[in-house]
Every structure is written in C-alpha cells, then in structure tokens.
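A short worksheet on the structure shown next.
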Amino acid sequence: MSTPPEIDCSDRLASARPQFGGGAGPLAVAPKVFRDELAAAAEWVADYLKGIGERPVTRSMPQAHRQAMATGSLPQEGQELGALLEFVDRAIAPYPTGNGHPAFFAWINSPPSPAGVIAELLATAVNATCGMGEHALMDLERGVLRDLASLAGLAPTAGGVLTSGGSMANLLCLGAARTWFLRQQGATDGPAYDQAHARLVAYHSDQAHMSVAKAAAVIGLPPWRLRAVPTTADRSMDAHALRTMVDADRAAGLLPFCVVSNLGSTATGAIDPIEAITHVCHQAGLWHHGDGAWGGLGALIPELAPSYRGIAGLDSLTVDPHKALSVPVGCGAALVTDPSRLRDAFTFRASYLEGDQDWPWMSDYTIELTRPGTRALTLWATLRHLGRTGVIALLQHYQDLARYLRQRVQEHPGLELCTSGPLPVVCFRLATHPEAAHQGQTDLHAAVAARVQDRGHAYLATVSHDGQTVLRACVCNHLTTTDDVDTLLHEVLTAADDLQTSQ
C-alpha cells in the first residue's frame with residue numbers, strides 16, 4: 001500500500017454517538033459499540049501476535065505513504081471507533097520496526113510479553129497518573145521496584161522510580177550523583193555551588209551508550225568534562241586507567257564526582273569490572289553508577305554471575321524491563337541504593353501539590369509529574385507471569401541462542417567471529433581475503449546488512465569493531481529459536497553471494 005487509507009465514516013457517525021457512562025459529550029460512545037470494538041481489537045491483537053513470525057521482519061515504507069502519514073489529515077467531522085482498527089491494520093501494522101519478529105537481531109528491542117499487553121490495556125482504562133495523589137498503582141510501583149532491585153542483586157535498601165527507558169534512568173541517576181556530591185562538598189547554593197559545578201568531571205567507558213553523554217549534557221556537564229576511559233582487550237573499562245585519570249583531574253583542581261560502568265555494552269555486550277571500579281570510587285569519594293539497561297539482571301545467570309560480583313556496592317543502577325523482560329516499550333528503571341538521594345535531587349514543592357511525607361509521591365524521585373501507570377502494572381504483570389524461575393529461564397534462553405550463533409559462525413568457513421562480551425550479542429564478519437581492501441570490507445558488511453533487511457526474512461545491524469564495520473546480532477526475543485538463527489546466517493551468506501556476484 002502506498003498511502004494510508006482515506007477514512008470517512010461520517011455517514012456512520014450517528015451510531016457512535018449514543019451516551020456512554022451517562023455522558024453525552026463528543027467522546028461518548030454507546031456501551032455496546034465500545035464493547036464490540038474492544039472485542040474486535042482484542043481479536044486483532046491476538047491474530048497479529050500469533051502470525052508475526054509469518055510476515056516479513058520489516059518492510060520499507062513507500063515515500064508517498066511516509067509523506068501522507070507525516071502531513072496530517074484531521075477531518076472536519078469525527079469518525080466512528082471502527083475506523084481506528086481499519087487504519088492500524090492497513091497503514092501502521094504493515095510497517096513495523098521488526099522487533100516483534102523472532103528473526104529480528106538488530107537492536108536490543110523485545111516483543112511485548114502477553115501479560116504486559118493485557119496489563120497495558122487495563123492500566124490505560126484506570127488511567128491514573130503515577131506522579132501524584134494516593135492510589136494503588138503508585139504503591140504497586142514501589143513494590144515492583146523492590147522486586148526488580150532484588151533480581152538485580154542490589155542491597156535490600158534499594159528503590160527508585162520507573163522511567164520511559166534507560167536514557168531517562170541514566171539522566172536521573174547522574175542528577176542524583178551530582179546533587180549528592182555537591183552536598184558532600186558543602187556547595188548547595190550561591191557562588192559555592194556555581195564554582196564547584198564548573199569543576200565537575202564524570203567518567204565512562206569508551207564503550208558507553210550515547211545516553212550517558214546526553215545525560216551529562218542535560219545536567220550541565222560539557223563534553224570536555226566527560227572522560228572516556230580506555231578499555232582492555234575484552235572491551236571492559238580499565239580500572240587502572242580510571243584511577244590515573246581521576247588522580248590527574250584532581251591534581252588539576254577539578255572535581256571528579258561520578259563513574260558510569262557498563263553492565264552490558266550495546267556494541268559487544270562487555271561488562272566492566274564492578275568491584276575494581278567501586279574500589280576506585282570509594283577511595284576518591286565518587287558515586288558509582290551502573291548502566292545495566294540491557295544487562296542489569298545478568299547476575300541471575302550462573303555463567304555470568306562472576307562478572308557481577310560486587311553489584312550490591314553500586315550507588316545506582318539503570319535497568320530496562322522493556323529489554324530483557326519483554327515488558328511493553330516505555331518501561332525503564334532508575335534504581336538507587338539510597339532512594340532518598342533521588343528525592344534530594346528532584347523534590348520541588350508547590351502549594352497546590354502537597355503529598356504525604358510518609359509516602360512520598362513518585363514525582364519526588366524524577367523530573368516527571370504526570371507519569372503513566374502502565375509502567376507499574378505491565379512490569380508487575382510480566383514478573384508475576386514469569387516468577388523468579390521464569391525470569392532466569394528467559395535470560396538463559398538468550399544466552400543459549402547466542403552461544404549457538406557463535407558456534408555456527410565459528411564452524412562456517414565463510415564467517416569469522418569477532419570479540420564479543422559475555423552477554424547475548426554476537427559480532428562477526430565475512431571471511432577476509434588478503435586482496436580485500438579494508439574499506440571494501442566495511443562497505444560490504446554495510447551492504448550485506450541492508451540487503452538482509454530488504455529481503456525481509458531476518459534483520460541484523462552493523463557496528464564498528466577495531467575501526468571496521470562488522471555484522472552484529474543481538475538475541476533479545478523470547479520467540480526466537482535455533483531455526484531463526486539458522487535463517488539469519490542463511491540470509492547473510494545469500495546476501496553476500498548476491499552482492500559479490502553483481503560486482
């Protein structure tokens with residue numbers, strides 16, 4: 001389809017206008033119409049998710065369709081509810097990101113859990129804001145954060161706040177670190193605050209997610225006071241180099257205040273040495289934040305547990321349930337060993353917003369006042385559906401499939417395995433030839449990834465590896481099987497053959 005459907009249901013509009021819930025306003029819908037449309041939507045959702053593996057992973061949108069979608073087309077008169085499902089079916093669903101498909105290996109995006117899909121609908125109907133007031137969803141958020149912190153291996157005192165994702169969680173934790181550090185320096189306001197803030201320095205691995213730099217910029221830390229610490233051969237932070245950099249900055253009159261560790265880098269799945277970095281932080285009086293948006297729950301897996309030794313000593317941790325746990329998109333978490341430090345950074349008072357000080361509003365822990373209650377219920381529902389045993393089995397499923405993919409790559413004479421971290425991401429390349437130019441190999445891998453995507457049977461990404469573009473496959477889908485892994489490799493090799501034949 002090249003353009004979105006033209007929806008004009010004005011002739012059927014009258015059937016959608018009878019009173020609903022005693023009201024007669026423009027949003028009123030007859031109870032039977034509402035019930036029927038909900039049932040139709042539920043059937044569509046069940047069919048869509050059931051058949052997702054039978055459709056193309058993704059497909060390019062025709063330019064005319066993109067233009068029509070982006071232009072806007074608000075009609076003069078309202079339309080009946082049935083037009084919504086028709087529109088989604090014809091104009092939205094055929095053009096997915098692809099992350100629901102079991103052969104999607106490009107980014108760390110998961111399909112929605114069944115429990116999360118149902119919980120999203122129920123929480124939307126309740127429609128409570130989890131920023132203010134007294135209601136069950138806000139208390140549920142407190143409890144489910146405790147569960148999440150426990151799964152991660154944090155101290156029993158840990159809590160925090162649910163966020164839109166890892167970017168917001170990293171921002172909140174860096175903001176809390178800054179406020180904590182400046183209070184330790186006695187610089188709470190006025191010239192003392194300004195002078196100290198102008199000397200703050202933070203550190204992260206040279207493999208850090210880009211959201212760390214964004215968060216630093218938002219809290220007023222310019223790029224030249226954000227240090228990228230070198231990594232070792234396994235792409236984990238060099239704690240000795242960190243110590244040297246901190247000492248040099250302090251000697252120069254700067255104020256190191258925070259280190260951000262990778263608990264699963266996006267590029268290769270590397271995990272920084274938690275205990276060694278914490279030791280440096282304790283000696284120098286720094287906050288230690290762990291960016292575990294993807295790998296924050298890895299301590300639950302026996303083969304990974306040694307890499308997470310010392311995680312309880314973190315000051316804060318980012319975890320994204322919408323990644324490893326398949327909670328519907330929009331559910332991250334900022335977890336802090338002492339949650340009051342989030343409140344120190346983000347509590348502001350207004351006469352029209354006075355909450356219970358014994359049960360602080362969740363808006364006190366974040367920059368958001370209006371917050372969706374869907375996050376708490378979708379996470380709670382998914383965790384209750386899985387249980388602790390199910391969470392471990394899900395994470396182990398990803399590990400097993402990544403191990404299978406690595407083995408298949410190593411066995412194939414036309415492929416080469418690149419260095420990968422312990423988490424379920426696999427970087428590999430086409431076997432190099434002595435006569436192949438470096439740039440030619442880089443261009444080939446980018447072209448292969450694009451060709452695989454265009455064919456629609458699988459989807460993977462590319463990443464820079466030792467200065468060269470290579471192929472990168474991440475396993476983060478509970479629907480993925482070894483057959484899907486085999487399909488991915490078949491598609492890569494087919495695309496490579498097609499491209500080399502056409503040259």
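Residue numbers start at 1 and run along the sequence shown.
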Stepwise salt bridge (Lys or Arg N to Asp or Glu O under 4.0 Å) check, Arg235 with Asp466: CA-CA 11 Å; Arg235 284 160 172 77; Asp466 292 337; 2.5 Å; yes

Step-by-step side chain to side chain donor-acceptor pair (under 3.5 Å) determination, Thr481 to Asp484: CA-CA 5 Å; Thr481 67; Asp484 299 303; 3.2 Å; yes

Side chain to side chain donor-acceptor pair (under 3.5 Å) assessment of Thr232 paired with Ser236: CA-CA 6 Å; Thr232 56; Ser236 63; 3.2 Å; yes

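Pairing each heavy atom of Leu174 with each of His289, the nearest pair is CD1-CD2, 4.2 Å. The nearest pair of heavy atoms linking Ala187 to Ala196 is CB-CB, 3.8 Å. Heavy-atom minimum distance, Cys281 versus Val259: SG-CG2, 3.7 Å. Here the shortest heavy-atom pairing between Leu172 and Phe346 reads O-CE1, 3.5 Å. Nearest heavy atom pair, residue Gln396 against residue Pro302, reads OE1-CD, 4.3 Å. For the pair Ile392 and Ile301, the tightest heavy-atom approach, listed with the atom from each and the gap, is O-CD1, 3.7 Å.
Arg472 places no side-chain N or O within 3.5 Å of a backbone atom of Thr469 that could act as its donor or acceptor partner. Looking at Arg178, its side chain does come within 3.5 Å of a backbone N or O of Ile219 through a donor-acceptor pair. Judged purely by atom type and a 3.5 angstrom limit, Asn170 has no side-chain atom pairing as donor or acceptor with the backbone of Ser211. With Ser150 contributing its side chain and Arg146 its backbone, the two residues share no donor-acceptor pair below 3.5 Å. Thr163 places no side-chain N or O within 3.5 Å of a backbone atom of Met168 that could act as its donor or acceptor partner. His135 contributes a side-chain N or O that, together with a main-chain N or O of Thr129, makes up a donor-acceptor pair within less than 3.5 Å. Side-chain N or O atoms of Asn99 include one that pairs as donor or acceptor with a backbone N or O of Ser110 at under 3.5 Å. Judged by distance alone, the side chain of His288 and the main-chain N or O of Leu314 form no donor-acceptor pair under 3.5 Å. Distance alone, capped at 3.5 Å, places no donor-acceptor pair between the Arg341 side chain and the Ala176 backbone. The backbone N or O of Pro230 sits nowhere less than 3.5 Å from a side-chain atom of Asp238 that would complete a donor-acceptor pair.
Counting only heavy atoms from C-beta outward, the side chains of Val260 and Tyr203 never approach each other to under 4.5 Å. Using a 4.5 Å heavy-atom threshold, the side chains of Val425 and Thr266 count as separate. Contact check for Leu148 versus Leu325: side-chain heavy atoms found under the 4.5 Å cut-off.
For Tyr398 and Trp294, the gap between ring centers reaches or exceeds 6.0 Å.
Of the charged side-chain nitrogens involved, at least one lies within less than 4.0 Å of a carboxylate oxygen, so that Glu368 and Arg375 count as a salt-bridged pair. A salt bridge between Asp139 and Arg142 is present, with a side-chain N of the basic residue lying under 4.0 Å from a carboxylate O of the acidic one. Between Arg384 and Asp147 there is a salt bridge, with a side-chain nitrogen of the basic residue lying less than 4.0 Å from a carboxylate oxygen of the acidic one. Ion pair Asp400/Arg403 flagged as a salt bridge, since at least one NZ, NE, NH1 or NH2 atom sits closer than 4.0 Å to an Asp/Glu carboxylate oxygen.
Judged by distance alone, the side chains of Asn262 and Ser265 never bring a donor and an acceptor atom under 3.5 Å apart. For the 3.5 Å distance criterion, the side chains of Glu275 and His279 fail to qualify, holding no donor opposite an acceptor.
Ring pair Phe257/Phe181 is tilted by interplanar angle, where 30° to 60° counts as tilted.
For the pair Arg55 and Tyr48, the distance from NZ or CZ to the six-membered ring centre is under 6.0 Å and the angle to the ring normal is within 45 degrees.
Taking CG of Asn477 as the start and CD1 of Ile108 as the end, the distance is 13.5 Å to the nearest 0.5 Å.
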